[in-house]
Amino acid sequence: MKGFLLNILLFISLTPSVCVYGQQEQREPLPAEQEISLKYGADRLGKRQDAAMQRFRENRLGLFIHWGLYAIPGGEWNGKTYKGAAEWLKSWAGVSSDEWLQLMERWNPTKFNAKSWAKTARRMGAKYVKITTKHHEGFCLWPSKYTKYTVANTPCRKDILGELVKACNDEGIDVHFYFSVMDWSHPDYRYDIKSKEDEEAFGRFLDFTENQLKELATNYPSVKDFWFDGTWDASIKKNGWWTAHIERMLKEMIPGVTINSRLRADDFGKRHFDSNGHLMGDYESGYERKLPDPVLDLKVTKWDWEACMTIPENQWGYHKDWSLSYVKTPCEVLQRIVHAVSMGGNMVVNFGPQADGDFRAEEKKMAEVIGNWMSRYGEAVYGCDYAGWEKKDWGYYTRKGEDVYMVVFNAPYAGKLNVKVPNGVKITRACVVNGEEVKAEEIARNEFNVDMPSGKMDGPFVIKLTIDHASDKSDKYLKAKT
Ligand code: FHN
């Protein structure tokens, strides 16, 4: 009973915070005259436009990898299977840190092959890999000199992170570092600061974390992005200065590095968006396992953002039993990728490798199907952005310069894809990407019908529209009226 109550308490102390990482914190900026002065608010207004940020944005599709000790039990502890996220098993099963970290003795991923991971990512069409350097459990995939809980002290002993960084860079794939500030292995971590002792302990913890981040930036300088997590606790919200300091420090150490909004808290503990409603960090990172509504949430197109998605409902780390929740099909995952891009966002699709270092069969299949689609239609994803056209039921628009792409997920029975164009825009040509030309007929003012391709399409497909900004004088519907 005592253990059960402890679990409930632990659950309550940890899970509400999981609910506050999200987009509910998006705020409209305050009118300029009402803005308050902040020491640790946004460093910049508007999108970053330098080459590194451009690259982050143009990559659009990433592969998220959650890998840690939790892959060993895979959601099962002492014969009991837990439905919750496998990387939280320590907490679901009420395992002490000491006992949990003994899993290190069994960390021996004999099938781990960094090159083959990098090749899987490339074949899938991912332009970057976002890897958990350290998740909440505290186990580090690199040989950190600041803790004993690292790969160096396991039977494997390999610098997993170093090997992956090299292999990805060799394949032309960017590497992003996921880093959990919350660290269950560290005695000085605090969920809140309620006493002098807490303050001192947490101060030591922040120094330790800063040292680990410096170590990562020094040892792996080709890293392109730091993606912070585990930053929702009151202890961190009360230390907004530290989050601003860390962002600045990493940017000084690695020019061009990008940093997600989840790191930051302002002077008043406001996260992601500061008390004046301005985004902190370089891109918003609150869309986890969900996406903005394509009609109601268009405000997201004003800033950079990246969503992340699991294949089962909520498993990031390896879980033995995927039958416990709905598992998305490759087509559903593709739809989410395109949905994000159609609103100006990136998408990272998550894999949770097995303890032996191999990807599970379902993930390999997912990489193959997505990769095949991306190799044919990827031009509608990479470097694309929000098109600004009215959303239609057949799918999504994306846009690159003057080219507008129709990514069709729902083929209409009538065989016509209806398109509402903005004022003054004409469609002059419509062509299936890597396929036939189809008819685009103007049927009313600002409205076209685009024919479905004549052949059978296996799954979602893309039609590229060539457009012309005709002046109103050449508009026959306007002429008919005047
Ligand atoms: O608690 C984690 C979870 O395990 C996973 O890492 C996700 C990925 O975005 N982040 C946290 C929940 O927000």
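Remark: the H319 side chain and the E76 side chain contain no N/O donor-acceptor pair separated by less than 3.5 Å. A side-chain donor-acceptor contact under 3.5 Å links Y405 and E379. Side-chain atoms of D274 and Y40 form no donor-acceptor pair, as typed in the model, at a separation below 3.5 Å. E436 and S454 are linked by a side-chain donor-acceptor pair at a separation below 3.5 angstrom, with hydrogens and angles left out of the test. Side-chain contact, N346 with N59: no donor N or O sits under 3.5 Å from an acceptor N or O. Counting only N and O atoms by type, the side chains of E306 and N260 include no donor and acceptor under 3.5 Å apart. N410 and D393 share no side-chain donor-acceptor pair at under 3.5 Å.
For W117 (side chain) and I65 (main-chain N/O), no donor-acceptor pair under 3.5 Å exists by modelled atom type. Of the possible donor and acceptor atoms, none in the side chain of T209 sits under 3.5 Å from a partner among the backbone N and O of V181. Listed for the R264 side chain is no donor-acceptor partner under 3.5 Å among the backbone atoms of L279. The backbone N or O of V462 lies less than 3.5 Å from no partner atom in the side chain of K464, so there is not a single donor-acceptor pair. One N or O on the side chain of K328 and one on the backbone of T310 form a donor-acceptor pair closer than 3.5 Å. In this structure a side-chain-to-backbone donor-acceptor pair under 3.5 Å is missing from S325 to P312. A donor-acceptor contact shorter than 3.5 Å links the side chain of N434 to the backbone of R376. A distance-only check finds a donor-acceptor pair linking the side chain of S180 to the backbone of M182 [under 3.5 Å]. Side-chain N or O atoms of S342 include none that pairs as donor or acceptor with a backbone N or O of Y386 at under 3.5 Å. W241 places no side-chain N or O within donor-acceptor distance of the main-chain N or O of D266, the cut-off being under 3.5 Å.
Annotation: the span from M343 atom CE to D297 atom CG amounts to 6.0 Å, rounded to 0.5 Å. Note that CZ of R289 is 11.5 Å distant from CZ of R336, once rounded to the nearest 0.5 Å. Here the straight-line distance linking atom CD of Q354 with atom CZ of R360 works out to 7.0 Å at 0.5 Å rounding. Note that CZ of R271 is 4.0 Å distant from OG1 of T231, once rounded to the nearest 0.5 Å. Taking CD from E441 and CD1 from I427, the interatomic distance works out to 11.5 Å, rounded to the nearest 0.5 Å. Distance CD1/I246 to CG/L206: 8.0 Å, rounded to 0.5 Å.
Salt bridge E368/K365: present, at least one basic N to carboxylate O contact under 4.0 Å. A salt bridge links K238 to D192: one of the charged nitrogens lies within less than 4.0 Å of a carboxylate oxygen. Ion pairing between K119 and D170 fails under the 4.0 Å rule for side-chain N and carboxylate O. One finds no salt bridge joining D293 and K391 here, because no Lys/Arg side-chain nitrogen approaches an Asp/Glu carboxylate oxygen to under 4.0 Å. Taking a cutoff of 4.0 Å between a charged side-chain nitrogen and a carboxylate oxygen, D358 and K364 qualify as a salt bridge. Remark: D225 engages K130 in a salt bridge, criterion side-chain N to carboxylate O under 4.0 Å. A salt bridge links R262 with E288; the closest basic N to acidic carboxylate O contact falls under 4.0 Å.
Between Y70 and P73, the shortest heavy-atom distance links the atoms O-CD, 3.4 Å. Scanning all heavy atoms of the two residues, the minimum distance from Y189 to S235 falls at OH-OG, 4.0 Å. Contact record, V223 with V257: O-CG2, 4.2 Å, taken as the closest heavy-atom pair. For L417 against P412, the heavy-atom pair with the smallest separation is CD2-CD, 3.5 Å. Summarising the geometry of G125 relative to L61, their closest heavy-atom pair is O-CD2, 3.7 Å, with the distance given to 0.1 Å. Nearest heavy-atom pair, F268 versus S275, reported as atom, atom and distance to 0.1 Å: CD1-OG, 3.5 Å.
Residues satisfying the salt bridge (Lys or Arg N to Asp or Glu O under 4.0 Å) test with R429, not counting sequence neighbours, are E437.
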Exercise for review: Carefully, step by step, assess E247 and K251 under the rule salt bridge (Lys or Arg N to Asp or Glu O under 4.0 Å).
Suggested key: CA-CA 6 Å; E247 180 168 341; K251 286 182 169 169; 2.7 Å; yes

Check your understanding: E402 and R399: salt bridge (Lys or Arg N to Asp or Glu O under 4.0 Å), yes or no, with the steps?
Key -> CA-CA 7 Å; E402 287 299 286; R399 179 179 195 140; 3.6 Å; yes

Practice item. Apply salt bridge (Lys or Arg N to Asp or Glu O under 4.0 Å) to the pair K83 and D321, showing each step before the final yes or no. Key: CA-CA 9 Å; K83 263 185 97 166; D321 190 356; over 6 Å; no

Exercise for review: Show your reasoning for whether salt bridge (Lys or Arg N to Asp or Glu O under 4.0 Å) applies to E171 and R122.
Suggested key: CA-CA 7 Å; E171 287 288 331; R122 190 175 50 72; 2.3 Å; yes

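The ring pair (Phe, Tyr, Trp, His ring centres under 6.0 Å) with Y283 is formed by just one residue from the set F56, W305, F226; it is F56. A salt bridge (Lys or Arg N to Asp or Glu O under 4.0 Å) with D304 is found for one member of R60, R48, R57 and no other, namely R57.
Classified by interplanar angle (parallel below 30°, tilted 30° to 60°, perpendicular above 60°), the ring pair W88/W92 is parallel. Using bins of under 30°, 30° to 60° and over 60° for the plane-to-plane angle, the ring pair W373/F409 lands in the parallel bin. Between H136 and Y178, the ring planes are tilted. Angles from 30° to 60° get that label.
Annotation: side chain of V369 is not in contact with side chain of M124 (no heavy-atom distance under 4.5 Å). Contact of the F448 side chain with the I443 side chain is not registered, since no non-hydrogen atoms from C-beta on lie closer than 4.5 Å. The side-chain heavy atoms of M280 and D43, taken from C-beta on, include no pair separated by under 4.5 Å. At least one side-chain heavy atom of L291 sits less than 4.5 Å from a side-chain heavy atom of M347. Contact annotation: the side chain of C308 approaches that of F64 to within less than 4.5 Å [non-hydrogen atoms, C-beta and beyond]. Contact annotation: the side chain of V419 never approaches that of N449 to less than 4.5 Å [non-hydrogen atoms, C-beta and beyond]. By the 4.5 Å heavy-atom criterion applied to side chains, F359 and T120 are counted as neighbours. Side-chain contact between M366 and V333: present, with at least one pair of heavy atoms (C-beta onward) separated by less than 4.5 Å.
With Y382 as the aromatic partner, K127 meets the cation-pi criteria of under 6.0 angstrom to the ring centre and within 45 degrees of the ring axis.
Within the structure, every pair that satisfies the ring-ring contact (aromatic ring centres under 6.0 Å, His included) test and touches residues 320-345, not counting sequence neighbours, is listed here: H339-Y396.
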